[in-house]
Visitor: 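Here it is: the structure, laid out below.
For reference, positions follow the sequence shown, starting with 1. Just so you know, ligand 1 is whichever comes first in the structure, and atom 1 is the first atom listed for that ligand. Since this is a predicted model, take the numbers as computed values, not measurements.
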Amino acid sequence: MKRLLPTACLLLAACANAGPAPHGAPNPLITDRHTADPAPLVVGDTLYLYVGHDMARGEEMFNIVEWRVYSTTDMASWTDHGPVMKPTDFQWASRDAWASQAIERDGKFYFYATVEHDRTRPGKAIGVAVSDSPTGPFVDARGTALVSNDMTPQGPHTWDDIDPTVFIDDDGTAWLMWGNANFYYARLKPDMVELDGPILQAELPKYEEGPWVHKRGDTYYLTYASRDPSLSEDELVSYATAPSITGPWTYRGEISGPAENSFTIHPGIVEFKGQWYFFYHNGVLTVGDHAGGLGRRAVAVEHLYYDADGGIVPIEHTREGVSAPRKP
Ligand code: FUB
């Protein structure tokens, strides 16, 4: 476990004894390695951040070798808890630690993660692992994929079953939502490791991937990476709202432009200590000889605000991130 100081502090020896920074850390949050697909989870007074460890070399697209977790209590200093799992910890999987999300239920932590299935069920798949701690170690909770490519024959390609987001509603019902090109959702059994009903689908404008669901007041928010190929190859972030977790979803617009130097972007939204945060990744970080880019991304965070109608105020990507003062 390693304590990481905000980058600004590394430049100022005086910070060593200065205690917590007045605001948060600047972007990118993690500077000693490339990280992608941030998934925040609040447990008590701590925010945990699950990420994929990007290791692509040269022009390679993705090579994501493990999932890691970091934590903070003040958004200013981050603690590195190391790897929580690698794809082959799912014995039926072959590679690719793509996007993930963890959630707590009844004192256990469930980690939903995208992997490449082995040749018995080719294509991307979603596994679920369990731990007694948010920092793991996580172990495969089933011994088989929770979702595999053969379960969504309507999908346009073999990588439509990616990017799980998980949500427990106020009545205790748990839902898994995921998908590339198609947006899928299904109820989970209370044990969190089995689907409890059919895989359903909803239409969302310009939907590409990376769904993230959260609730504020009585409103459900579904935020996702969106793309209009007639305009650009780059993903933006759009969102929709609904009066229930099963919809109907009303498109509310774009909240974020493309990530700098990465055609992918991946939202993660959470409320922590009275403030809402928007996590994402970009391709600006150089680590050693490895410049940032599509397969070498860096996680970042901005404050998120709502307008009087409950709409999300469009978010600017900044280097200051949450080291800038909050708006009143
Ligand atoms: O990191 C691999 C893939 O890129 C994720 O699963 C997508 O959301 C995109 O960020």
Side-chain angles (χ1 to χ4, degrees), residues 28 30 33-40 49-57 59-68 83-87 90 93-102 111-117 123-127 145-149 152 155-166 176-184 204 206-213 222-227 232-239 256-269 278-285 292-301 317:
I30 313 300
R33 71 193 79 223
H34 289 111
T35 56
D37 302 326
L49 190 66
Y50 299 82
V51 300
H53 181 186
D54 260 345
M55 288 282 288
R57 293 294 172 252
E59 297 306 306
E60 205 178 1
M61 187 171 170
F62 296 129
N63 178 15
I64 315 174
V65 296
E66 62 190 5
W67 299 275
R68 303 179 68 88
V84 288
M85 255 193 123
K86 57 185 188 305
F90 295 109
S94 58
R95 60 174 193 274
D96 291 346
W98 285 22
S100 68
Q101 188 182 345
F111 181 69
Y112 299 83
T114 313
V115 290
E116 179 72 23
H117 204 290
K124 287 283 179 287
I126 295 169
L146 176 61
V147 177
S148 51
N149 188 43
T152 54
H157 45 235
T158 60
W159 64 95
D160 54 316
D161 295 297
I162 67 170
D163 293 2
T165 181
V166 59
L176 188 74
M177 302 181 158
W178 71 96
N180 174 292
N182 288 348
F183 170 71
Y184 301 118
L204 296 161
K206 301 179 210 165
Y207 179 81
E208 181 79 6
E209 58 184 3
W212 183 273
V213 69
L222 180 54
T223 307
Y224 55 94
S226 56
R227 196 166 68 94
S232 169
E233 288 305 310
D234 291 340
E235 294 178 345
L236 312 175
V237 179
S238 296
Y239 80 112
S256 154
E260 189 178 344
N261 205 28
S262 160
F263 90 80
T264 71
I265 191 166
H266 191 102
I269 294 175
F278 172 80
F279 289 85
Y280 62 105
H281 62 223
N282 59 36
V284 302
L285 175 71
L294 167 61
R296 289 179 297 278
R297 295 163 289 179
V299 296
V301 65
H317 300 178

Visitor: Provide, to 0.1 Å, the distance between atom 9 (C) of ligand 1 and the closest protein heavy atom, together with that atom's residue and name.
Guide: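 Nearest neighbour among protein heavy atoms for atom 9 (C) of ligand 1, to 0.1 Å: Glu209 OE2, 3.5 Å.
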Visitor: Note the single closest protein heavy atom to atom 10 (O) of ligand 1, along with its residue, its atom name and the distance in Å.
Guide: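 Checked against all protein heavy atoms, atom 10 (O) of ligand 1 sits closest to Asp37 OD1, 2.7 Å.
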Visitor: Are His317 and Tyr280 an aromatic pair, judged by ring center distance below 6.0 Å?
Guide: yes
Visitor: Tell me which one of Ile162, Asp160, Thr114 satisfies side-chain contact (heavy atoms from CB on, under 4.5 Å) with Glu209.
Guide: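 The option that passes is Ile162.
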Visitor: Gln101 pairs by side-chain contact (heavy atoms from CB on, under 4.5 Å) with which of Trp178, Trp212, Phe111, Tyr50?
Guide: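 For Gln101, the side-chain contact (heavy atoms from CB on, under 4.5 Å) check succeeds only for Trp212.
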Visitor: Would you mind listing which atoms of ligand 1 come within a distance below 4.0 Å of any non-hydrogen atom of Ala99?
Guide: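 Those of ligand 1 that fall under 4.0 Å from Ala99 are 6 (O).
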Visitor: Nearest non-hydrogen contact with atom 6 (O) of ligand 1 belongs to which option: Asn180, Asp163, Val51?
Guide: Asp163
Visitor: Would you mind finding which of Lys124, His266, Arg297, Glu235 brings a heavy atom closest to atom 4 (O) of ligand 1?
Guide: Arg297
Visitor: Taking salt bridge (Lys or Arg N to Asp or Glu O under 4.0 Å) as the test, write out the residues that go with Glu233, two or more places apart.
Guide: Arg227
Visitor: Closer than 4.0 Å to some heavy atom of Ile64 - which atoms of ligand 1 meet that?
Guide: 1 (O), 2 (C)
Visitor: Once you measure the plane-to-plane angle for Tyr224 and Tyr207, does it fall in the parallel (<30°), tilted (30-60°) or perpendicular (>60°) bin?
Guide: tilted
